[in-house]
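The first residue in the sequence is number 1, and the count goes up from there. Predicted, not measured: the structure shown is a model, and the values here were computed from it.
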Amino acid sequence: MKKAKIGILFILLLSLLAACSSGEANSMDKEGKKILKVATSADFPPFESFDDKGNIIGFDADLAKKIADELGYEIKIEDMEFDGLIGSLQSKRVDMVLSGMSATKDRRKNVDFSESYHHSGEMFITKAEDAFQDLESLRGKIVGVQLGTIQEEGAEKLAEEYGFEIKKIDNASILIQELNTNRIDVAYMDKTVAIGYIKSQGFVGFDDPTTSSPGMAIAFPKGSELAADVNKILKKLEEDGTIQELKDKWLSEYE
């Protein structure tokens, strides 16, 4: 009888461990309200960055809060390196990623995406005294890109044709530091973000004429039921003018 009881307890323990390791992100707060766990890489103003109090702010942060409100959830936003965001969805550590992420074909193999909520394009920026006018002028130069971004993919293709070297960097703010300290000649970035740095730091730049990148979208674990609900919310926020209000608040100076 003892052996039977021990066997049952052992099976229950295994079941509990399996449930704990299943990676389900959604949890409850102390009042029993669901928590929406959102991951971002807060080095990408005006979409996501830290304010002087250490809070994550920006277009994506505000959009995530609006979505959580519509769902009736509390929200928890976690900062991590951009190239770790897809992995956080695959392990179901978080419910969704809102981080200026382009919905590329390669990423769609590993995660699901919402409908697009913004489209920027890409841009090359550099210091004013080292101004480059076009892709041909980049031959032999060092072009910095953020690891894991669509710009990394684009730069690899362009480098083959235009003969520049690529330097991959984890963080967008460090990418700018590398440019300011002459460790790279050019930074290749999302256009909206690039224009922000042009205005704040006096850089110059030119648009990438070769790309037609997909728009930014919200990413989910494969098969997430949340994606359909969020798409409905995005449509509502578009129709009632909320998304335009967020663009006016965060993006109008960058367009």
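Atom OG1 in T242 sits 11.0 Å away from atom CG in D62 (nearest 0.5 Å). In this structure, CE in M123 is found 12.0 Å from CZ in F203, a value given to the nearest 0.5 Å. Rounded to the nearest 0.5 Å, atoms CG (L63) and NZ (K66) are 9.5 Å apart. Atom CD1 of I184 and atom NZ of K167 lie 7.5 Å apart (nearest 0.5 Å).
Between D60 and F44, the closest side-chain pair of non-hydrogen atoms is not below 4.5 Å. By the 4.5 Å heavy-atom criterion applied to side chains, V111 and V97 are not counted as neighbours.
A donor-acceptor contact shorter than 3.5 Å is absent between the side chain of D112 and the backbone of F220. Put simply, the side chain of D83 never gets that close to the backbone of L147: no donor and acceptor are under 3.5 Å apart. T126 places a side-chain N or O within donor-acceptor distance of the main-chain N or O of D185, the cut-off being under 3.5 Å. Listed for the Q146 side chain is a donor-acceptor partner under 3.5 Å among the backbone atoms of D170. Judged by distance alone, with hydrogens and angles left aside, the side-chain atoms of K222 form a donor-acceptor pair with the main-chain N or O of R108 at under 3.5 Å. D207 places no side-chain N or O within 3.5 Å of a backbone atom of P209 that could act as its donor or acceptor partner. The backbone N or O of K37 sits less than 3.5 Å from a side-chain atom of D95, completing a donor-acceptor pair. With hydrogens and angles disregarded, no donor-acceptor distance shorter than 3.5 Å links the side chain of Q201 to the backbone of Y197.
F206 and F124 have parallel rings, their planes meeting at less than 30° on a 0 to 90° scale where 60° marks the start of perpendicular.
Side-chain contact check for R93 and S91: no donor-acceptor pair (N or O, by modelled atom type) lies under 3.5 Å.
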Does the pair E78 and K76 meet the rule for a side chain to side chain contact (heavy atoms under 4.5 Å, CB included), with working shown?
CA-CA 6 Å; E78 181 179 354; K76 179 180 179 182; 5.6 Å; no
I would like to know whether Y188 and L158 meet side chain to side chain contact (heavy atoms under 4.5 Å, CB included); could you show each step before the answer?
CA-CA 11 Å; Y188 183 46; L158 292 172; 4.0 Å; yes
Applying salt bridge (charged side-chain N to carboxylate O under 4.0 Å, His left out) to K109 and D106, what does each step give before you reach the verdict?
CA-CA 5 Å; K109 295 175 184 176; D106 283 344; 3.4 Å; yes
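Residues M216 and F59 are members of one and the same hydrophobic cluster, defined by side-chain heavy-atom contacts under 4.5 angstrom among Ile, Leu, Val, Met, Phe, Trp and Tyr. Note: the hydrophobic cluster containing L175 does not contain F132 (ILVMFWY, side chain heavy atoms under 4.5 Å, direct or indirect links). When hydrophobic clusters are built by joining Ile, Leu, Val, Met, Phe, Trp and Tyr residues whose side-chain heavy atoms come closer than 4.5 Å, directly or via intermediates, L36 is grouped together with I57.
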Tabulate below the donor-acceptor pairs under 3.5 Å that side-chain atoms of residues 98-105 make, not counting sequence neighbours, or state none.
| unit_1 | atom_1 | unit_2 | atom_2 | d |
| --- | --- | --- | --- | --- |
| S99 | OG | T40 | OG1 | 3.3 |
| S99 | OG | S41 | N | 3.0 |
| T104 | OG1 | R107 | N | 3.2 |

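Other residues sharing the hydrophobic cluster of V204, ordered by chain and number and joined by side-chain separations under 4.5 Å: none, the residue standing alone.
With respect to K157 and E160, no salt bridge is recorded, no charged nitrogen being found less than 4.0 Å from a carboxylate O.
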